[in-house]
Each structure stands twice: as C-alpha cells, then as structure tokens.
Amino acid sequence: MNISFEVKLHIDECLYLLGEKYTPDELYSKVDIMQYAKKLSEKAFFIIVDDNGIKQGFTAYYLNDEQSFVFITRIAVNELCRHQGLGRKMIEALSKYYSSRFEKIELEVEKTNEVARIFYHNMGFYIKEDRETKVLMSRELHSLKNR
C-alpha cells in the first residue's frame with residue numbers, strides 16, 4: 001500500500017473519484033458534481049492510497065495557512081476496500097504529515113450521520129461548532145509533534 005501526499009488532480013480524475021465506487025449517492029443530491037470536481041481540481045490537495053496502481057481511497061483537503069489548519073472536504077474509500085481501516089490510516093497519515101506545520105485538522109459532518117460522527121470522535125475530533133444541519137469537528141495536531 002502506498003500513500004501519496006499533496007497530489008493535485010485533473011478535473012476528470014476528480015470526477016472519477018466522485019463516482020459510485022467511492023462516493024455514496026446522497027452527495028449527488030446535495031451538490032453539483034461538476035462544479036465540485038472543478039473546485040477540487042483547482043484548489044484541493046489529495047492523499048491517494050493505492051495498491052499496485054489501483055486507487056483504494058482518497059482524502060481531499062484544503063490548507064489554510066492563515067488560520068493554521070487543514071480542512072478535510074471528503075474522505076472516500078473504494079467500495080471493495082471498505083472496513084479495512086483505510087479511513088483511519090488516511091487521517092493518521094494526514095495528521096502526522098502536517099503536525100509540524102499546522103495546529104489542527106477540521107471537517108464538517110452531517111448531524112444525521114452518526115456513524116461518521118462516532119468515527120471522527122474516536123479519531124480524536126471534537127465538536128467545535130454547530131452549523132444547522134452539520135457540525136464542525138476539529139482535531140488538535142500539537143500533541144502529535146512530539147511523536
């Protein structure tokens with residue numbers, strides 16, 4: 001298994017990763033996928049997990065140098081690779097990779113997505129802010145600097 005950091009992707013690659021192998025259908029009812037793929041292609045970085053050239057999962061994220069945080073916009077795992085700890089591995093890898101440069105990682109999660117909220121809580125994230133239908137969760141990185 002190989003993990004690549006700070007990868008930039010072409011819009012076609014973003015569309016592929018936003019496809020049905022990686023992304024649940026509910027995303028399609030909430031955003032314009034073409035616009036989202038364009039934004040990711042232009043502004044986001046990716047962690048790509050692959051095994052012999054086959055993409056197993058990805059994390060799309062933005063870097064906020066001004067406020068010293070990494071913002072995760074999407075974590076997805078190929079449907080054939082789920083429940084193998086890849087989401088956990090990507091968050092841990094991202095945390096270690098940026099722990100000397102940023103203070104925290106943040107993300108939004110739907111209030112109704114209890115499975116995701118529990119997962120992030122178990123990964124050390126706490127609820128920072130209530131945002132109507134979502135919550136902003138945060139994880140401090142300063143404690144990782146000495147690891």
Side-chain angles (χ1 to χ4, degrees), residues 1-121 123-141:
M1 178 174 66
N2 182 42
I3 300 177
S4 304
F5 293 90
E6 294 193 14
V7 175
K8 295 296 278 181
L9 296 178
H10 185 273
I11 191 169
D12 292 336
E13 294 170 299
C14 292
L15 284 169
Y16 173 75
L17 291 176
L18 293 172
E20 64 185 39
K21 284 185 183 180
Y22 299 91
T23 303
D25 292 337
E26 68 262 12
L27 177 68
Y28 290 88
S29 65
K30 295 178 182 175
V31 300
D32 178 316
I33 294 296
M34 184 58 82
Q35 285 183 343
Y36 187 47
K38 185 175 189 264
K39 181 180 177 184
L40 290 176
S41 177
E42 291 172 356
K43 298 181 180 183
F45 291 101
F46 289 81
I47 289 178
I48 304 292
V49 178
D50 70 75
D51 188 18
N52 295 322
I54 298 169
K55 289 181 178 69
Q56 296 179 329
F58 73 92
T59 300
Y61 61 97
Y62 302 101
L63 302 175
N64 187 319
D65 290 307
E66 282 182 17
Q67 297 178 2
S68 192
F69 69 88
V70 176
F71 185 83
I72 295 174
T73 186
R74 172 139 312 287
I75 294 178
V77 175
N78 184 313
E79 62 190 358
L80 301 175
C81 303
R82 292 191 183 134
H83 307 292
Q84 298 176 20
L86 289 179
R88 180 175 296 281
K89 287 176 187 173
M90 287 189 286
I91 288 174
E92 288 298 335
L94 186 72
S95 297
K96 288 178 183 170
Y97 189 79
Y98 286 110
S99 66
S100 64
R101 186 171 156 201
F102 292 95
E103 293 176 11
K104 59 192 169 205
I105 295 177
E106 294 188 344
L107 54 84
E108 280 186 331
V109 63
E110 295 283 338
K111 286 182 181 179
T112 57
N113 191 344
E114 185 145 350
V115 172
R117 287 178 40 215
I118 291 169
F119 169 75
Y120 294 127
H121 175 76
M123 292 292 302
F125 287 83
Y126 61 91
I127 296 175
K128 181 178 177 180
E129 183 179 310
D130 188 316
R131 296 184 169 177
E132 294 184 31
T133 61
K134 299 178 183 181
V135 291
L136 176 67
M137 299 187 79
S138 187
R139 176 182 177 172
E140 303 297 324
L141 295 179

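This chain uses plain numbering: 1 for the first residue, then up along the sequence.
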Between atom OG1 of Thr73 and atom CZ of Phe46, what is the distance when rounded to the nearest 0.5 Å?
-> 9.0 Å

CG of Asp50 to OG of Ser4: how many Å apart, nearest 0.5 Å?
-> 5.5 Å

Phe125 and Phe119, any side-chain heavy atoms less than 4.5 Å apart | no

When rounded to the nearest 0.5 angstrom, what is the spacing between CD in Glu108 and CZ in Arg74?
-> 12.0 Å

Can you establish whether the number of heavy atoms outside Lys111 located under 6.0 Å from its atom NZ is more than 12?
-> yes

Report the C-alpha distance between Asp65 and Arg101 in whole Å, list the side-chain angles of each, state the deciding distance to 0.1 Å, and finish with yes or no for side chain to side chain contact (heavy atoms under 4.5 Å, CB included).
-> CA-CA 9 Å; Asp65 290 307; Arg101 186 171 156 201; 3.3 Å; yes

Min side-chain heavy-atom separation Ile48-Asn2 under 4.5 Å | no

Answer yes or no: is there a side-chain heavy-atom contact under 4.5 Å between Leu94 and Tyr61?
-> yes

Decide salt bridge (Lys or Arg N to Asp or Glu O under 4.0 Å) for Lys134 and Glu129; before the verdict, give the C-alpha distance in whole Å, the side-chain angles of both, and the deciding distance to 0.1 Å.
-> CA-CA 9 Å; Lys134 299 178 183 181; Glu129 183 179 310; over 6 Å; no

Between Arg82 and Tyr22, which heavy-atom pair has the shortest distance, and what is it?
-> NH2-O, 3.5 Å

Check: Tyr98/Glu6 side-chain N/O donor and acceptor closer than 3.5 Å = yes

Can you find a heavy atom in the side chain of Phe45 that is under 4.5 Å from one in the side chain of Lys8?
-> yes

CD (Glu79) and CD (Gln56) are apart, to the nearest 0.5 Å, by 13.5 Å

Go through the steps for Leu40 and Tyr62 under the test side chain to side chain contact (heavy atoms under 4.5 Å, CB included), then give the verdict.
-> CA-CA 9 Å; Leu40 290 176; Tyr62 302 101; 3.5 Å; yes

Please round to the nearest 0.5 Å and tell me the distance separating atom CG of Asp51 and atom CG of Leu86.
-> 9.5 Å

Nearest non-hydrogen partners of Asn113 and Ala116, listed with the distance = OD1-N, 3.1 Å

I would like to know whether Ser41 and Leu9 meet side chain to side chain contact (heavy atoms under 4.5 Å, CB included); could you show each step before the answer?
-> CA-CA 5 Å; Ser41 177; Leu9 296 178; 5.7 Å; no

Closest non-hydrogen contact found for Ile3 with Ala93 is CD1-CB, 4.2 Å

Stepwise side chain to side chain contact (heavy atoms under 4.5 Å, CB included) check, Val49 with Met1 = CA-CA 7 Å; Val49 178; Met1 178 174 66; 3.5 Å; yes

Given side chains that start at C-beta, do those of Leu18 and Tyr36 come closer than 4.5 Å, heavy atoms only?
-> yes

Does some side-chain heavy atom of Lys55 sit less than 4.5 Å from a side-chain heavy atom of Asn78?
-> no

Evaluate whether atom CD of Glu114 has more than 12 neighbouring non-hydrogen atoms of other residues, nucleotides or ligands under 6.0 angstrom away.
-> no

By salt bridge (charged side-chain N to carboxylate O under 4.0 Å, His left out) - contacts of Lys104 (at least two apart) = Glu106

Any chance the rings of Phe69 and Phe102 have centres within less than 6.0 Å?
-> no

Does Asp32 CG have over 12 foreign heavy atoms under 6.0 Å away?
-> yes

Taking C-beta and beyond as the side chain, do Val77 and Met90 meet within less than 4.5 Å on heavy atoms?
-> yes

Under 3.5 Å: donor-acceptor pair, side chain of Ser95, backbone of Ile91 | yes

Ring geometry between Phe5 and Tyr97 (parallel below 30°, tilted from 30 to 60°, perpendicular above 60°) | parallel

Would you mind checking if Arg139 and Glu103 are paired as a salt bridge, meaning a charged N to carboxylate O distance below 4.0 Å?
-> no

Any ion pair linking Arg88 and Glu92 (charged N to carboxylate O, less than 4.0 Å)?
-> no

Asp130 (side chain) donor-acceptor with Glu132 (main chain) under 3.5 angstrom = yes

CD1-CG distance between Ile75 and Leu107, expressed to the nearest 0.5 angstrom | 6.5 Å

Locate the shortest heavy-atom distance separating Ile72 from Ile105; write the atom from each residue and the value.
-> CD1-CG2, 3.6 Å

Side-chain touch Leu136/Phe71, heavy atoms, less than 4.5 angstrom | yes

Keeping the roles fixed (side chain from Glu13, backbone from His10), state whether a donor-acceptor pair exists under 3.5 Å.
-> yes

